[in-house]
2 protein chains.
Amino acid sequence: MPELDVIDRKILFYLQNDSRLTMQELADKVGLSVSPCHRRVKLLEERGVISRYIATVDQKALGLHVSVFISIKLARQKEEDLNRFARAISKWDEVLECYLMTGNRDYLLRVVAADLASYETFLKTKLTRLDGIASIESSFALSQVKYSIALPV
Amino acid sequence: MPELDVIDRKILFYLQNDSRLTMQELADKVGLSVSPCHRRVKLLEERGVISRYIATVDQKALGLHVSVFISIKLARQKEEDLNRFARAISKWDEVLECYLMTGNRDYLLRVVAADLASYETFLKTKLTRLDGIASIESSFALSQVKYSIALPV
DNA sequence: CGGTTATTGGTATGATATCCCAATATCTGC
DNA sequence: GCAGATATTGGGATATCATACCAATAACCG
């Protein structure tokens, strides 16, 4: 696995902010001509450094006004229990992020919903119906101060 | 602001997963021909429903092995204090997400770093140097069970 | 310093986005 | 239920762009 040089990192920097740049524009920004720039981008894709290209959608425009962080503790933490929980979580579109955590809470989830009522529905019909959950604690986000997908390069 | 109909939502669904679909492919998936599909996409962009197009980069490939959630309490919560904190946070590339929260913690941050040493550097040279912070509590993510940018449509 | 390998830049080709106009469908008032 | 008006659709033409190829340059190594 070859290292990422400074030009590769520049490419990642710009594409993380705007993937609709033309090869010409991107090449200009990173100081290459179109051909080598294109080749590098394809290589980054093949190596999985660039994993996908996506459109980001405005949460408010979709009417999703509620963001919740949920801390979850499982009754048991055997690998089998963890895997079962992870599989269930992954199916639900409301759950955007889920992390296995250190400390006295096992999982941290970020969930979005249209309003408190639909969040309640999510809890009642999905989350609390899972077996093996010892405790659930919801914290609500009043506002999103920063949200970025762009990793530091 | 016109409502999003079922076709608009299908467009958002597919573009949130892969923005490199050609108009022909997207049109086929949502059951339109290319022209109206293209017009709808442009309209969604102009209305800000689609906010941007980006490339997602693999965190491990960049060597960013540490994900941390940081709970922060400020000494005072006047609007001026909150704004000052938000401005500082927003400048730092290591901070990918920041939320103003309900409950007894004011902010929740998600921060990435290469390793514990560079996380410590972030804490010492940036976060703890801010004025008006009453307490900081770090929780480390052992693994990312789910990470999605795709909002439910 | 000479030979080898990797990287670059320019050009040609094919695919795709984008625009325009006619046709169709939907809506509205009577 | 119908006629006019409005919004939406579909197809074709054009311009833009991605992509592949090949020669030239630069970096590397004994």
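Residue numbering restarts at 1 for every chain, and letters A, B, ... go by the order of the sequence lines.
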### Contact interval (first through last nucleotide) of DNA chain C with protein chain B, 4.0 Å heavy-atom
C:dT16 to C:dC19
### Connected-component partners of B:Leu43 among ILVMFWY, side-chain separation under 4.5 Å
none
### Task
Starting from the first five and the last five pairs of the helix from C:dC1-D:dG30 to C:dC30-D:dG1, work out the angle between the resulting helix axes, to 10 degrees.
50°
#### Entry: B:Ser118: side chain to side chain donor-acceptor pair (under 3.5 Å) partners, not counting sequence neighbours
B:Asp115
### Task
Report yes if some heavy atom in the side chain of B:Leu44 is under 4.5 Å from a heavy atom in the side chain of A:Val57; otherwise report no.
no
### Message
Quick one: does any side-chain atom of A:Ser90 pair with a main-chain N or O of A:Ala86 as donor and acceptor, under 3.5 Å?
### Response
yes
Only distances under 3.5 Å count here; give the side-chain donor-acceptor pairs of residues 129-136 of chain A to other protein atoms, sequence neighbours excluded, each with its distance to 0.1 Å.
from     : atom 1 : to       : atom 2 : distance (Å)
A:Arg129 : NE     : A:Lys124 : O      : 3.4
A:Ser135 : OG     : A:Arg105 : NH1    : 2.8

### Query
Just by modelled atom types, is the A:Trp92 backbone N or O under 3.5 Å from a matching donor or acceptor in the B:Lys146 side chain?
yes
### Task
Let me see the working for B:Asp18 and A:Arg52 under salt bridge (charged side-chain N to carboxylate O under 4.0 Å, His left out), right down to the final yes or no.
CA-CA 7 Å; B:Asp18 181 6; A:Arg52 33 201 324 223; over 6 Å; no
### For B:Ser67, all residues meeting side chain to side chain donor-acceptor pair (under 3.5 Å), sequence neighbours excluded
B:Gln59
#### Entry: Any residue of residues 36-44 of chain B with a heavy atom less than 4.0 Å from an atom of DNA chain D
B:Pro36, B:Arg39, B:Arg40
### Task
Kindly compute the distance separating CG (A:Leu15) from CD1 (A:Ile50), expressed to the nearest 0.5 Å.
5.0 Å
### Task
With sequence neighbours excluded, tell me which residues meet side chain to side chain contact (heavy atoms under 4.5 Å, CB included) with A:Asp28.
A:Gln24
### Message
Please give me every residue in residues 11-34 of chain A whose heavy atoms get under 4.0 Å of an atom in DNA chain D, ordered by residue number.
### Response
A:Leu21, A:Thr22, A:Met23, A:Val34
### Main-chain N/O of B:Phe13 paired to B:Asn17 side chain as donor or acceptor, under 3.5 Å
yes
### Message
How long is the straight-line distance from OH of B:Tyr14 back to CG of B:Leu26, given to the nearest 0.5 Å?
### Response
9.0 Å
### Query
With B:Lys126, which residues qualify under side chain to side chain donor-acceptor pair (under 3.5 Å), at least two apart?
B:Glu94
### Message
Taking any atom closer than 4.0 angstrom to a non-hydrogen atom of chain B, what span of DNA chain D does the protein reach, first nucleotide to last?
### Response
D:dT8 to D:dG12
### B:Tyr99 side chain to A:Ser139 side chain, donor-acceptor N/O pair below 3.5 angstrom
no
### Task
Kindly state each residue pair satisfying salt bridge (Lys or Arg N to Asp or Glu O under 4.0 Å) with at least one member in residues 58-78 of chain B, sequence neighbours excluded.
B:Arg76-B:Asp81
